[in-house]
**Student:** 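The structure follows.
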Amino acid sequence: MKEKLKLGVLVSGRGSNLQAIIDGTLQGKIDAVVKVVISDTATAYALERARRHGLDTAFVDPKQYPSRQAFDMAVVQTLKKYDVDLVCLAGFMRLLTPAFVNEYRNRILNIHPALLPSFPGLHAQRKALNHGVKFSGCTVHFVDEGTDTGPIIIQAVVPVFDDDTEDTLSERILRYEHQIYPKAIQLFAEGRLEVRGRKVFCQRSEKENGEKEGWGLMNP
Ligand code: GRF
């Protein structure tokens with residue numbers, strides 16, 4: 001039997017996306033196994049979620065390292081120890097250094113709560129609201145050296161309402177995050193994603209969209 005894709009998930013906080021990933025693997029929606037959950041924050045609730053599922057966790061303390069790159073290399077070392085194939089950033093609040101990105105080129109995914117390239121970085125929902133957009137959403141993308149700039153895999157769109165607050169919009173977006181992140185991981189696990197320049201092509205099967213088999217820029 002083919003060995004399952006090995007995931008390493010990086011978290012800093014609440015971990016609801018981690019939970020969606022764990023659930024996806026347990027429910028057979030993601031053909032992969034979470035090998036390790038790594039955090040830069042000892043008290044992250046995400047670590048507690050991981051432990052409840054009996055998953056291995058690691059806290060890598062940024063204060064113990066003289067530079068961002070040294071910290072990143074400690075994280076990479078842990079990922080290597082677990083022989084991780086795909087790194088999933090799930091609310092990980094640190095930018096990766098080029099040294100990290102190079103180690104896992106096109107094998108790092110991130111979820112961002114806006115329709116990139118709009119509103120990269122922190123407080124994306126607040127920025128979208130303040131800007132007065134009528135629609136926002138979320139994006140799963142490969143990670144490159146920039147801040148939320150990597151090739152886009154899947155996006156989901158949600159409406160923005162007049163009476164939205166940062167909280168109500170975030171909550172609406174989050175529901176879709178929990179759908180598209182597991183989906184993107186599964187597409188990766190099936191070997192159906194291909195990065196060509198800044199675009200991600202997805203191999204479709206005949207039954208999808210009534211299209212013929214082949215590679216396309218579809219939003220799966
Ligand atoms: C999510 O909104 C995600 O898009 C962003 O950080 C938040 C993490 O939430 N990158 P959680 O920790 O997964 O609940």
Side-chain angles (χ1 to χ4, degrees), residues 7-26 29-30 32 34 36-53 55 57-60 62 72 75 86-96 100-101 104 108-131 133 135-160 164-186 188 219:
L7 306 179
V9 187
L10 270 52
V11 295
S12 298
R14 164 183 69 178
S16 71
N17 278 287
L18 167 70
Q19 189 68 57
I21 294 168
I22 295 171
D23 293 346
T25 60
L26 297 177
K29 291 182 188 158
I30 306 176
V34 177
V36 62
V37 176
I38 303 174
S39 182
D40 62 340
T41 307
T43 53
Y45 182 60
L47 288 176
E48 178 59 28
R49 292 185 195 258
R51 285 191 285 263
R52 282 189 196 165
H53 286 277
L55 299 174
T57 61
F59 163 53
V60 183
D72 275 10
V75 174
L86 179 68
V87 181
C88 299
L89 308 186
F92 188 60
M93 299 307 284
R94 304 175 70 85
L95 292 179
L96 303 189
F100 191 138
V101 176
Y104 287 93
I108 311 171
L109 304 186
N110 182 41
I111 178 107
H112 182 72
L115 293 176
L116 292 171
S118 291
F119 314 120
L122 293 175
H123 309 300
Q125 302 96 327
R126 189 190 306 169
K127 288 185 215 159
L129 212 51
N130 290 343
H131 199 88
V133 295
F135 293 92
S136 191
C138 44
T139 305
V140 182
H141 63 93
F142 283 105
V143 172
D144 65 9
E145 284 81 357
T147 304
D148 302 319
T149 50
I152 291 169
I153 302 167
I154 307 185
Q155 296 187 300
V157 182
V158 309
V160 179
D164 263 335
T165 62
E166 192 178 345
D167 282 350
T168 58
L169 179 59
S170 299
E171 198 189 308
R172 190 172 311 120
I173 293 172
L174 196 63
R175 283 204 293 272
Y176 285 88
E177 294 187 34
H178 298 161
Q179 293 180 26
I180 67 172
Y181 209 179
K183 195 162 181 180
I185 296 168
Q186 177 58 10
F188 185 96
N219 193 39

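First listed ligand is number 1; within each ligand, the first listed atom is number 1. Model, not experiment: these values are computed from the prediction.
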**Student:** List for me each residue that meets side-chain contact (heavy atoms from CB on, under 4.5 Å) alongside T149, sequence neighbours excluded, and say none if there are none.
**Tutor:**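 By the side-chain contact (heavy atoms from CB on, under 4.5 Å) rule, T149 matches D144.
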**Student:** Can you pull out every salt bridge (charged side-chain N to carboxylate O under 4.0 Å, His left out) where at least one residue sits in residues 41-53? Sequence neighbours excluded, please.
**Tutor:**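 Listed by first then second residue: E48-R51, E48-R52.
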**Student:** When you pair each N or O of ligand 1 with protein N or O atoms, which pairs come out under 3.5 Å?
**Tutor:**
from	atom 1	to	atom 2	distance (Å)
ligand 1	2 (O)	E177	OE1	3.3
ligand 1	2 (O)	E177	OE2	3.1
ligand 1	4 (O)	I111	O	3.4
ligand 1	4 (O)	E177	OE1	2.7
ligand 1	4 (O)	E177	OE2	3.3
ligand 1	9 (O)	R14	NH2	3.0
ligand 1	10 (N)	I111	O	3.0
ligand 1	12 (O)	G15	N	2.8
ligand 1	13 (O)	S16	N	3.3
ligand 1	13 (O)	N17	N	2.8
ligand 1	13 (O)	N17	ND2	2.9
ligand 1	14 (O)	R14	NE	2.6
ligand 1	14 (O)	R14	NH2	3.2
ligand 1	14 (O)	S16	N	2.8
ligand 1	14 (O)	S16	OG	2.5

**Student:** Treating S12 as the side-chain partner and M93 as the backbone partner, does any N or O pair qualify as donor plus acceptor under 3.5 Å?
**Tutor:**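 At least one qualifying donor-acceptor pair exists.
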**Student:** Hey, are the side chains of R172 and P159 touching, using non-hydrogen atoms and a 4.5 Å cut-off?
**Tutor:**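 SC-SC contact between R172 and P159 confirmed.
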**Student:** Looking at T43, is its backbone amide N or carbonyl O close enough to the side chain of T41 to form a donor-acceptor pair, meaning the two atoms are under 3.5 Å apart?
**Tutor:** no
**Student:** Can you give each donor-acceptor pair under 3.5 Å made by side-chain atoms of residues 110-123, sequence neighbours left out, with the distance rounded to 0.1 Å?
**Tutor:**
from	atom 1	to	atom 2	distance (Å)
N110	ND2	H141	NE2	3.2
N110	ND2	D148	OD1	3.2
H112	ND1	D148	OD2	3.4
H112	NE2	F119	O	2.6
H123	ND1	R126	NH2	3.3

